[in-house]
Each structure stands twice: as C-alpha cells, then as structure tokens.
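Lettering follows sequence order; numbering is per chain, from 1. Values reported hereafter were calculated over all heavy atoms of this structure, with side chains retained and with hydrogens, waters and symmetry mates removed.
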Amino acid sequence: MSSMLVLAIVVAIGIGAFIIARQRAAAQDDGKVKPHSRAHYHGWWAFLLATLPAALFLALWVIGSSVYLNSHLHAQMPAQTGVASEPLAVSLTKSLANGLRKLDPQQVASLPATFAELRPSLAAKGVALATDTQDYMISIAAAANKVQDTLGLVGAVATVALSLAGAAYGISQVMPRARARNNVERLMLWGLLGASTIAILTTIGIVLSMLFQTLNFFHRVPLSNFFFGTVWDPRFAAAGAVGSEGQFGLIPLLAGTLYIAFVALLVAVPIGLMSAVYMAEYASPRVRAAVKPSLELLAGIPTIVYGIFALVTLGPFLRDLSAALAGGTSFIQAQSILTAGLVMGVMLIPVVSSLSDDIITAVPRAMRDGSLGLGATRSETIKRVILPAALPGIVGAILLTASRAIGETMIVVLAAGVAANLTLNPFEAMTTITVKIVNQLTGDLEFNSPQTLVAFALGITLFALTLVMNIVALYIVRKYREQYE
Amino acid sequence: RDQVQVAGSSTVLPYAKIVAEQFGETFNKFKTPVVESGGSGAGIKEFCKGVGENTIDIANASRPIKKDEIKSCQDAGVKEIQEVKIGYDGIVFATDAKGPDWALVPADIYKALAAKIVVDGKLVDNPNTKWNQVNAKLPAWDIAAYIPGEKHGTREVFETKLLDAGCDKAALKAAGVTDEKEIGKTCIAIRKDGKAIDIDGDYTETLARIDSNKTGVGVFGLAFYENNADKLKVATVSGITPSTETIAKGEYPVSRPLFFYVKKAHLGVVPGLKEYVDFFLTDQMIGPDSPLAEYGLVSAPEAERKGQREAFDAGKTM
Amino acid sequence: MNIMTEKTLEQAVSSQMSAQTNEMIKMRGDKVTVHYGEKQALFDVNLDIRQNQVTALIGPSGCGKSTFLRCLNRMNDTIDSAKVGGKITLDQEDIYDPKIDVVELRARVGMVFQKPNPFPKSIYENVAYGPRIHGLAKSKADMDRIVESSLQKAAIWNEVKDRLHEPGTGLSGGQQQRLCIARAIAVSPEVILMDEPCSALDPIATAKVEELIDELRQNYTIVIVTHSMQQAARVSQRTAMFHLGYLVEEGATDKMFTNPDDKRTQDYITGRFG
Amino acid sequence: MNIMTEKTLEQAVSSQMSAQTNEMIKMRGDKVTVHYGEKQALFDVNLDIRQNQVTALIGPSGCGKSTFLRCLNRMNDTIDSAKVGGKITLDQEDIYDPKIDVVELRARVGMVFQKPNPFPKSIYENVAYGPRIHGLAKSKADMDRIVESSLQKAAIWNEVKDRLHEPGTGLSGGQQQRLCIARAIAVSPEVILMDEPCSALDPIATAKVEELIDELRQNYTIVIVTHSMQQAARVSQRTAMFHLGYLVEEGATDKMFTNPDDKRTQDYITGRFG
Amino acid sequence: MTDVTLDTVAASVPQARRDIGLKKRYAAERRFRLYGVLAILVGLAFLAVMLVSIVGKGYTSFWQTTITLPITFDEKVIDPDNKRASDPDVLVTANYPVLAQRALMEKLGIDPKNKPMAAKLKGFLSEGARVQLRNVAVSDPAVIGTTRNVEILAAANLDSAFKGQIDLSVPEDRRKVSDQQVEWMNKLKAEGAMAEHFNTGLFTFGASSRPETSGLGVAIIGSFYMMVIVLLLALPIGVAASIYLEEFAKKGRFTDLIEVNINNLAAVPSIVFGLLGLAVFVNFLGMPRSAAFVGGLVLTLMTLPTIIIATRAALAAVPPSIRSAALGLGASKMQMVFQHVLPLAAPGILTGTIIGLARALGETAPLLLIGMVAFVADYPTTPFDPATALPVQIYMWANEAERAFVERMSGAIIILLVFLMAMNITAIVLRRRFERRW
Ligand SMILES: Nc1ncnc2c1ncn2[C@@H]1O[C@H](COP(=O)(O)OP(=O)(O)OP(=O)(O)O)[C@@H](O)[C@H]1O
Ligand SMILES: Nc1ncnc2c1ncn2[C@@H]1O[C@H](COP(=O)(O)OP(=O)(O)OP(=O)(O)O)[C@@H](O)[C@H]1O
Ligand SMILES: [Mg+2]
Ligand SMILES: [Mg+2]
C-alpha cells in the first residue's frame, strides 16, 4: 500500500513539474528565438523526467527488497524447520508475517511466544494460517516485518528524492532550442512499442503456463508414445487399479481435428466465398448492407447453441435420412464427422464471407477493367481474374477459418462426440484435440496424473500446429502478394 | 474474504448449490458460498495450492482423494484435510419412457459392450450387434449405449461394478488369457466400434441423445433420472430397481460415495465456513427427507451420517 | 446486323456513299451526353471516328476525354452513377440498343488503359485470355498462333518469346503496355480505344508505343486520349479538342495544329492554358 | 542558426555577397542522388533555387521531378526505400544534417500536393492546424488574424469568409487547392514546393492558381513541378529540365523556351517526345 | 453504280459476326450468379433456423406464473415471543413458508387438518416464497399482524404445467405435477389468482438451484464488468500496438514475428487463455478467483489480436494524401498519427473492437479455469468479487437436470443475442457517424 502512496507523491511532483516547466517555457518565448517545442511539450518532458525514473526505481526497489527478504528468511531458517521442506517453511513464515501486519500495534508489541496462542487473535482478523506454522517463526516474521518496513522507508525516500531531482533537471532543461517534443515523442514511441510486445508476452505466457506440466507429462509418457501412438485411451486414473496405465496416442486426435476442420471448410469455404463474391460484385449496396451483418450474426450465436442443434436436430435427421436411403440400417451415425463439420461450417460462413468480401473489394479496379474491356462477362472476370488475384488474401482468410475450426470445442463434443477413433469414414464419430484438452482438464481425474497432464501436452502441440499454419499462411500471402502491382 | 469458496466435481455441484443457497437464505449474516464447477481433479488441484486468502476452502469430489494428491497438498502446506462423505450417487441404466421394461445383469452389459468376448472358447472381437443376441429376454434393439466418458468418476464405477463383475474370468482363462493383469484389462476394455458411446458432458447430453435415438440405453445418475422420470424408464440390475432405498440398503450394486474436503486451517478464519459444513451435515440437508435426497442424493445410513458429524466436530483429519 | 431490316440497309448504303467521298465512318457519336449522378460531364458531343485512322482526343484535364472514350465501348456501364444519353453507333448500329450485347461489343471495341494492367498471370496467359473466353482458338496450336501473331503485331514478340511463361507483371512499364495492347489485339477487335496509353511510360517506351500505334492503323481503327499535344501531333490523323465537357473543335490534325478555328484550341495549343 | 560557427558565418556572408551580384540563392542541391531500393532515380543533380523566384521543374513523366522536389523538404524520409545522397542546403545549412530537426525544416519549406488534400475538418481548422502545432498564435484573435490573412493571400478569402466553419472537403477542386496553399502559407514558410498543383484542376481554377503563384513570389520562394510546358512558361522565372533522372539543363525560362542549349530540351519543348 | 454500292455495302458490312459462344457464356453467368444467391440464401436460412429454434424454445421464459394470495402476516408465526425489537434476526429466520401454505390452503378450501391433501400441495409454491415474504416483512415490519395480497412465485413444475409444457398424458406417477395439482391450478386460473407475468426475475435474480428464482442478475453484472475492462484495456493497447506496427515499425523480422504471433493468438483455443489466466493472474500475481476482473484480463488478451488486426487494416486504409498533408505542414509523425490518421480510422477500429467484444461476450471456456463457471447467488459489488457471465449461465443451465432450466437457457440465449445485435447495431451506427467525408 505504501508504495502506492509513494507513487501518488511522485505523480504529484510530476504534475508540479509539468506546470512549472510549461510556464517557464511560455515565459522564455520572447519572440526573438523561435522555440523548438511548444510549452506543453516542455511540461510533459518535465513530468516524465520526474515520474518515470522514480517509478522505475520504485518497482526495482520493491522487487529487490522482496528478493532480499526471501534470502534473508532462508538464512534465518533453522536446520530443523519442523515442516516438510525449507521453501514451505519460508512461505509459512511469509504468510505469518503478512498476517501480523493485520494486528493492532499493541498486539504486535507483545506477541505471544507460541503459535497456538497467537492463532486466535489472527483468526479474529480473518487471517488463515497453516496449522503447522512453528513457534520460532513468530520472531523471525516479526523481525522480517521490521526489516521490510525499513527497506520500504528507504525506498520511499530515495524514490521521492529521485523524483524531485528529475523534476528539477526537467525544469532546468527548459530552453527555447531544447527538443522537448522529440524527447516526449521518443518516449511515446517506446510506449507504443511496449504495447505491441504484449502479443509476444502473451505467447510466452501461454507456452510457459503449459511447459512445466508438459515436461512432467513427457517424463512419465515417452515422446514416441504420444506423437506416434495410434490409440487414445488414457483410462481413468485409478492408481494401482488394473489397466490404469493408459495410451496417449496423438494420431487419432490429430486426424479427427484435421478431418473435422476439413469438412467444416468444405461447407464454409464454398458458401462463404460465393456469398462474398455475390456481395462484392453483384449485390446492390442496400442488399449488401443488410446481408453482411445478418451473416455476421451467425458468428455471434454461442457455439453451445450450434452444438445442441446438431445433437437434437441435425444428427438424428441425417441418421434417419440415411436409414431411409439405405432401406433400414442407417449408415450415418447420429454423431458423426459429417454432422460436426456441417454445423461448424455454418458457424464459419461469416468468417470466410466477411474477410473474403473485403479482400475481393480490394482487388484493383484496373484488373476488373482490363478483363471487362476485353469482352469478358462478369463471372468470367471473377473466376479468371479477380479470384486468382485475391487468392493470397483468400488463403489467409481460409487459414484463419481453419484455425477457428481447430479451436472449437462445444460443437465437436455435441455433434461428433468424444470418442477418439481413427477412421476415414465421415459418417462415424471422431474427436479433436481441443475437446480432449477441455475434458482432461475438467474431469474427475487425478490432477497430477498423466491423464490430466496430457491436456497440457496437447495444448502445446496444438499451439505449435497453428503457429506453423500461420507461418505458412504468411509465407503464401507474401509470395503471391508480390505478383500483382 | 467474507465468502466461502468451493470448487470441484460437477456431480456434487447441484447438491452443493442447494445447500449453499439455503445456507445463504438461512444465515443472513453470511454471504452465499460460491460453488465452482470444473471437475474433481481441478477442484482438488486448487484446494492443494496452499493455505490462505486466495485459495479455496472446500473441494467437492465424486471420488476419494488420491494419495498423490494428498502428498502434493502437504507439500504446499495443506496439512490438515477433513474428509466429509455426504452420501451416495446411484448409477442407473435408463431407456426411453415409451420402450419396454429392461432387466439387466452385469454379464449382459459385459457381453454387449466389451471389446472382446469369449465365443466358443475363443477370444474374439465382440460380434453382438443387437441386445437380444446378448440376452434373449432383451428387446431386439441395436446396441447403442451412452456411457460415461473417461473423464468421469462414474466410468470407474461402471467398469469395476458392471464390466468386471460381469466378466467371465474362467472363460477368459480357458481361452488362453492367463496373466491376471491381462485378464483385468480385457474385462474392462470397451468396444470402440461406435456401439458404446462415451459421453464427456453431463447427463443432459445423454438424455438428449436418448431423445434423438429412442432405442438407445443411457447411464444416468439416480438424481437425474428421478428428475426426468417422465421421459425415461429405468432398468433393473440383477433384479433390483434402483431407488434411494435400495441403494442405501446396499441392495442395488452400482453406486459410489460423494465427498467434499475441508481445509482445516481455514476453519474459524473464513467466515461461515464452519457453519456451512455443519449446515451441510444436518439431517435437514442430507437426511432421507431432505432437499438433497429429493433431488436424488442417496442418503447415507443414519449411523454413517452421525459418524460424519462427529468426526468433523472432533476435527479429525486425514 | 444479321437481323438488319430493309430500312437500315438503305441507311447504311446512303451513309456509305457519303463516306465514299472521303473515309469510311466506323463509329459516330450523336449528341452524346453523360451525367455522373447530378453532375453533367459531357454536353451534346457529335464526333465521327473514321476507319483505319488514329483519332486523338485532347483537352485540359477533366474536360471529358476519358468519359467520351469509355462511352464508345460502354465501359461506363460499370460505373453505377454514370448515365449516357444521345446515340453512339458502330457500323450504323446503335451500341446502346438493348438488342446489343455488351460483351460482344467490347470484343469488337477493345480498350487499353492509362496504367498498364497485365493480369497476374504468365505473358502467354495474358494474351490467350481474350481468345480463350471468346473461344476463338480451336486448338492449342491455334492458340499459340494467335498469341504469337498478337505479340508480333504489338512489337514485343522478340523481347518476350523466350519467357512466355513468366509472369506478365515482371515486364518493364513499356513492355507491359505493349503486352496490354497485344492482349487487346488478340481478340481481333475492329476498334482499339487507348486512354493515355503512354502517360505512365518513359520517353523511350513511349516512342515504341507510338510507332506501334502508327503501324496498327493499317488494320484497326484507333482512338487515343492524350494530354500531350505533341503526342497527338505525332500519331494522329484527326484530332478532337474537348473543353469543359464540350467538343470544341474537330478536324484533321495538321489543320488543328496549324490553323485552328476555335480561339480556345489555339490558346490551348499555344500554352495559354491547360 | 544560433549555433552557427564563425566559419559558417563567414561562408554565409561570402555567398550572400556573391548572390548579391544577381539573386540570392535560397536552396542549393549539390550532387543530389536518390535511390529507391536498388533503382537510382536521380543522378548527381546540381540545382540552385533563387529567392523570391518561381523555379519550374519540367520533364517527361518519371524523370525524377517529384523525387527532387521531395528531397527539398525531406518528404522522401517517409518512404522507407528512398536513400538520398549528396548535399542540399537551405540558407547554407545542410538540411540532411542530423542536427536539423525535420519537423522544423518542413515548417520552413512547405509543400502543396498534386491532388488537393484538405483535412476532413472545417476550413478554419484546416488553416489553423499548422499555426496551432507550431504555437504561432498567442490567442484566439491572433489565430483568427493568421487564418484570415492566409486565406487572403491565397486569394480565396472572399469565397469562403462566410463559411469558415464548413468542411474544407466541400469546396470545389480549385478552391480546395487554394485552401491547401493557404494552409501552407499559414505557417509562414520561406519556401513553398508545389508538385503539379494544377493537374487536377479545370482551366479556370488553374488560371486562378497561376495568378496566385505569381503574387506569392513577392514574399516566398517557390518551386513548382509541372508537366505542362505552357504552365512553366507562364509562371516561372527559371526552369529546370529533367530527363531520366538527370538534370538536362537549367536556366532563365525565357531562354529555355526560345533557345535551349540541349537537344533534348528542344525536342521535348517542340513535342518531339514526352 | 449499283455494283459499286453493293460492293461497298459488302465491304462495310462488318466482318461476318464471330461466334463467341455468347449463349453458353450467359448461361454460365446466370448459373454463377445463382450460386451466389444460393450461398447467401443458405446462410440466411441457417440463421433463420437457428433464430427460430432459439426464440421458439426460449420466449416463454420471459413469462413467469405467480399466484396472488392474501397472506396474513401472523405475529404468532413470525414472532411468537415478541422479540423483534431487540433481536432483528427474528424477522429473518421466521417460518414464512407456513404463512404462504396457510393462505394457499384457505384459497383452495383445504382443511389444514387433512394432512394427505395438504401434502399434495408440496411443490405448488416456490421455495422462494420464504425470501419473498421475508423481504416484505423486513422492509415493512408494520405489515405484521395484517393481511396483504402478495404475488407468490409458482414452483417451476407448476409454471411449466401452466404454460402447457408438461405432457399430461404421461402416467401421473411419472410426471412432476399430479392430477390434483392440475385441478387446483385450473381452479386458481379460473379465479384469476394464478396468471403469467413478465419475468423480471430473469433479469434480476442471481443464480439459484430453483428455476423460478434463478436469473441472470449476477451474470449480467459480471459480463458488464468484463466488457468494460476489455474495452478499457484492449482498445488502447490494441490501438497502440497497431499504430506502432503500421506507422512506425520498420517492416522486417520483428514485425513479421509480431504479425505471426498475433495471427496465431487469434487461433489459439480459448481454453488455453484460461490456462494462462490461471497461471499468471491467479497463481503468480495472486488475484482473486472467480472475479470479473481476472475474467476481463483473460478476455482482453483473447480480444487483442482481433482488435489489432482490424485496427491495422483501418489505419492502412487512411489515404496517404492526408498523411503527406500533415507532414508537409511540419507536423511530427506522432502528431500526424494522433491528430489525423487515428480519427479517420475510428470507424474501422470501432468495428474491430465490437467484433472482438462480441466474441468475448460469448466465451465460456477460458472462464472455466479461473473459477467463473460457478454458482454465485450474491451480486458482486466490485469487479473483484465473485461473479459469472452470460454464456457461463447459459452453459450451467444447459447442464441442469430440471427441465424448466432448458427454457431459461433459451431465454438467456435470446438475451445474449439481443446484446450481440445491439453491439452490432451500435457498430453500424457509429460507423455511419464517423464515416470519413473526403
Ligand atoms: N466516376 C466518376 N464519378 C463522378 N464524376 C466523375 C467520374 N469520372 C469522371 N468524373 C468527372 O467527369 C469529368 C470528366 O472526367 P474525365 O475523366 O472524362 O476527364 P479527362 O478529360 O479524362 O481528364 P484527365 O485528363 O484528367 O484524365 C470530370 O469533372 C470528372 O471529375
Ligand atoms: N516510392 C517509390 N519507390 C520506387 N520507385 C519510385 C518511387 N517513387 C518514384 N519512383 C521511381 O522513381 C522515378 C522518378 O519518379 P518521380 O515520381 O520523381 O517522377 P516524376 O518526374 O515526378 O514523374 P511524373 O510526372 O509522372 O509525376 C520513376 O521511375 C519512378 O518509377
Ligand atoms: Mg482521363
Ligand atoms: Mg511526379
């Protein structure tokens, strides 16, 4: 909390610096020398000088002092910690120290010697502590709190001093020819750069949050079993029970993922593309304005609704239809790749159509004129000139669609089921990687068994898969983009 | 934090919800506990993260906590865990309400759903395609069974109490499978030709599947069946009709206990935690006439409930 | 024409006779007006295009040269807001007649644009595109022949004969423009319209294209828009001067550049404005 | 300038003196080369821009006129592939010196583009934008004065004074172009660069802008790119002829148009090419 | 002369008309066009089917049956020892259901001593009656000792029966509503005491295990918090990132890397973002579970790629002439971007943002892992309190055993779709208003 206060002080100093610097700059403008930057840029520069280094220092100081405290606590731990491990003892002490902060000052002044005595007063303040917190930790925790207070105070003073120094420097920098605008803009640029790295940080975060469990999984299940296994049968994690060691073959899931995505694309791409062509090339602006958002609504319907539709309506319909066609025995199962692909395809129509529509409209008019001027009909122009020219963009759109298809869970669960088969028959059930990620994570399985951990391995595999797909997409787009223009 | 936080099994969730809601209504000074769904595994994982404000207080589980899990709990400082058994969940077979009556024995289920069975002394891929091939008394329906998926605790019960029980081990041995382990495996291997369909979702999904395939057989929780008795017809197993009574008496063979686990370190610290557990354990909640029983929980026998209350009050940990 | 009535035949004969006196009239604009939405861009333009001659349209920017040119093969149809009035005939046939098929018309009246716009396909495919959609080649060999002769007529065959299957977009600007001309020739049009065909080219490329236009005149009727009077003087036999949407003056190029009737033409040519 | 050393001061004085003999040199290009990626677009161009004169850059399309113009206020910096070599000075100061702030440079060397490009804001805001970012007005009244005088200098005040707060995009093409000129004047530049400022305008609007350019010459140094020799002849005092990236010839406009030294200039002017 | 004329006619008649296969080509043209129309019709037909099935199932959830009963707030039942002045808990814990039960029996003319008859009343009134009556008594203690008409919620099964959703041909022991109850129901209906009203509870109640007292209150607040957080974070960050990538970054490896990254993040299954949120925000940074704030952060990360992709396209579409104009006047690049380019790109940015928000509004999976798929009955006061979200509530209701929840689920889907449509319309309207005018 106190670092928040310090931060507030720093900001206040910054505001002061802003006002002073701006006034100074305005006063200096006597019309003789043309000032380089406008007054408020000087103000902002002073503000930034007063706040940024100080805030940065504060952040480092806070991190540094917690690292220091940690090692300090480690050093203080007796050889016999009395609990399972030393790190646990340290963390117990830390929570104890945090708890002590909730107590009144006089209570802190007269801390009881044993944890048993201390616990009720802490519990009264709503502090939950592990029962095997040891007595010796009380004194260590109290001392640690003192150290922390001192560190905090030093840090606060230093931060404020730094801030004041920055403000003073910033104000002293105010001169007609000083390039305050350039300085401020350079910092803004850093800010923008920072924002754009969030994508990378997210990726790193995703990989890191799955990596340890993935490694743990591969510790127990050999790589080859996972990547080349053709049977997915993880079994329920009944430790010691017969047949508890399952098989974790990726192949059936991968095949299912690709197969279902393929069928979905088979539905979404022709329909979406033709809709886009019609909207871009034939439809009047009024029709287009009505149809485009309507189709986009398809993408907004929660996927569970599609799933239920497949489960309750479409699946049985296809089954009965096939029964009627084949005279008795149905060759389409109620839950099948076909059903899932169909429904998912419908959901993805707007993704294809909206993106392709934009891309087709972006094909230069000169291409269209060139073809029409030779006496080609509209459709000939579209088929032979516009679509080939728009191909890279369309490929990109299709890949994005494929990514969405790969990532979809609910529809697959309800329409194609969860059985990991390996089949070529589109009328049978199959399942996908994403489905298994969700199910293995949310089941009744033991949480640190391979059965659950495999979800993380699947997650990373899928992540790598889509990454490769996107690199390929980028490559294709680049390669073809160079061709026209 | 002024609110009890619960996470875990989605089987226990409806019960915990009822208790939480009534708890909130009865004890005006406490907020209604938050009950997360997400599966026993995920619940216990959160439970075992450690002690303190940003960890949960209770993990619901439809299976007992595993040794490994207790160990990781302890490694994280969660030393004292109190186990509470709230009752039993009956697992029933049901078909569409308009169909004929069904009477099953474990052997039927084994013969219908196992991957391999012994025919004429040889172990072969399951050739049965209709129920009446398994047992002449059953209707001539195509075999289509909706069984719990591998993520469900119910699956384990299904395997041990039905498949394993219905498996003719002697015949297997005679057919040349001698290794004990191999026998165990063969007994619980389920056919993968689309006749046995895993359901990873909830029972609503199974119901929807039966709705759309009137000759399907589904596995449900007793509670779910009772809530949908107008659409479903339950099958007897070994001649016993499943009901709270027959399960409580131990006559109906397929049931499993339901649990929750309490973090003792949070007792008396998180407001309402102790009261919530106490409230849960009253007969008013889990007794034979309680709302939970009405919803479908099979109450534990009187003595067992009393034992649970006493053990909790005494602070017995695992 | 195959459904030509007695009367139109008569007309054709009579107009033919008048043409006999000097050159044959290939296309004729009669009180052509064009509106873009509210705005009128052309006012009652009457202009004849003579067979096997190069007609140049000149005038300051925005005067309606391109607009008139695009009326001649109904490329204005592709602009929603454009409305064409008056009458334009090709061989005495009204091209805005509903009976007229616009696809067929454009096959007869080809167009080359200001910026070379080859399709992102191979050189061969660029030229083969038109014959292919119109089904002009009976066989592969036939097509090869059409492609070769078109490229030869467009004076680019020697430069590309070894790289027919490389992309047309890889050529230089001048080559691209000649490729576009070859593409237009490949469908054997009767009239070729060119809208500032050299404005994106460097002087050397321009010279080549101008030479080519002069040669093409033997077999085709050509209409060219240019903002360069020099170019008009070099390549055309007849010149039409536009100003603010009106046709100011029209006549033999020699006369136009030496002794124009209209003051505005004189001012424009001598650089008083534009 | 405040950090001017003794030496540069000396230089300045001496060059000032030499300029005294005829006109003062405002900007000077010294062996300017420009590459776009691999392709060289300008080759060693040496050209002086004289104060209070209009310098016209002419030459066929693609010869590098715009490229050279854009070097003069470093607009080429915005094209990633463009590399500028050689030296360009403004009042003897190297404008490509790292010490020079490019924003400040552009405030001194303003630019007007081929297509009028007013901001989609009100007329007033269009003109006030420059003074505002450079902090040239102390008060609202001050700003009003700047806007009015700029619009007056651009000879458009009478046409817009009643609709200052209507969008600038609602004006006609010629008015828009004069608005853009007013916008450029408002920041009190020393040099104004114009890249084909009339090519999108009709003859009447063109005449107005040309008149304006002639008036502006009293207070500003002007460089204008035009593809119309007529225009160059009308508005400029000096003309520079470019061809294929080379400066072919440079001199007083009268002389260039009557008696050019270079064969190419002559050919171009008489319409032999371009 | 004649000869000559004929000759010239022959010459002037244009070369014999070539056969360029027009008939076939126009047929192809028509076919192609037809495919386009068909494709659009197929899409729209699916939309119609989905909407009809959702609305058809869900519209009844906007009505709820209530029974108007004259409740006597009997002091003997509520506060037998007259201690309510000293102990406010008395009013809270009183046995209110008895009051409702009594009133109902009176209304139906059942003798309270007729125990078997009285037992059949079980499941007639909602258990929520307790809270309903308690709220009346607590807010206005003066009511005690008087009689007042209160609209008590009917139990879910009765509500379904009233709406005609229960098949009465099923044998009585297999259905949830007994014949006797149906008879009473019809009686009350005839008297006008039992009627359907607009279901405000659907919008105001929190989660509940009873269909009739469960609503979307908590979910709507949770979704609202999350949308605000996503808007406040994802929009500025996304726009900043796009500006950097589109306007400042040198096209090269770094931009390629970010571009691939962003496209890939758009394809990552949403549950993976949940894993990330759990690991980073809850476990590493110690933020609370089940909180809308964490949900908002997770959805922000999920939405960013969409916003960035759309914003970059919008920025790229701003004409270069505007950029040159600003630069030519001596504006710095920052000034150019923020004062000219960004305002002109606003419509495109808006569309992208709203599309991103719409997706975020419909996501369940990432919320599962951070504990937002939960039973939450109390309203969250801050974004740090436990909350749920609209799609979560839909998902949870879909998994309920009681059938009355299915109806509510469809109702919730309608509400979600209305929100989505509202967002889309906002996007279109805003777009029109900001539409560039150059
Ligand atoms: N698509 C259009 N919509 C509206 N107005 C148009 C359109 N095309 C041209 N115009 C207007 O019609 C008039 C004539 O335009 P046109 O393109 O024919 O001129 P031009 O003589 O070809 O000029 P340039 O030499 O610049 O090409 C101009 O005022 C122009 O602004
Ligand atoms: N951004 C660019 N990238 C690559 N090449 C360019 C670029 N801009 C211009 N060029 C090339 O540089 C050469 C000179 O171009 P510039 O625009 O200066 O010609 P110009 O004399 O202004 O012609 P015009 O009269 O057509 O405007 C041309 O060959 C052109 O293709
Ligand atoms: Mg034109
Ligand atoms: Mg230029």
Contacting region of [X] [heavy-atom separation from chain E under 4.5 Å]:
X	result
A/R404	side chain
A/L189	both
A/F456	side chain
A/I308	side chain
A/M469	neither
A/T434	side chain
A/I200	both
A/V305	both
A/L462	side chain
A/T442	side chain
A/L441	side chain
A/V346	side chain
A/F309	side chain

Give, as side chain, backbone, both or neither, the part of [X] having an atom under 4.5 angstrom from any heavy atom of chain A.
X	result
E/M409	side chain
E/L416	side chain
E/L420	side chain
E/A358	neither
E/F419	neither
E/R33	both
E/L368	side chain
E/L275	both
E/L257	side chain
E/V37	both
E/Y35	both

Using a 4.5 angstrom heavy-atom cutoff, name the option from [options] with the most pairs to chain A.
options	answer
E/E363, E/R25, E/E247, E/Q335	E/R25
E/Y26, E/F32, E/Y395	E/F32
E/I262, E/L417, E/N424	E/L417

Using a 4.5 angstrom heavy-atom cutoff, name the option from [options] with the most pairs to chain E.
options	result
A/L193, A/T466, A/I271, A/N182	A/L193
A/A195, A/A402, A/G375	A/A195
A/T303, A/I301, A/I349, A/L467	A/L467

query = So, do E/V298 and E/L276 sit near enough that their side-chain heavy atoms are less than 4.5 Å apart?
reply = no
ask   = Are any side-chain N or O atoms of A/S37 and backbone N or O atoms of A/R181, one a donor and one an acceptor, separated by less than 3.5 Å?
value = yes
task = For the pair A/S371 (side chain) and A/A376 (backbone), establish whether a donor and an acceptor sit closer than 3.5 Å, ignoring hydrogens and angles.
result = no
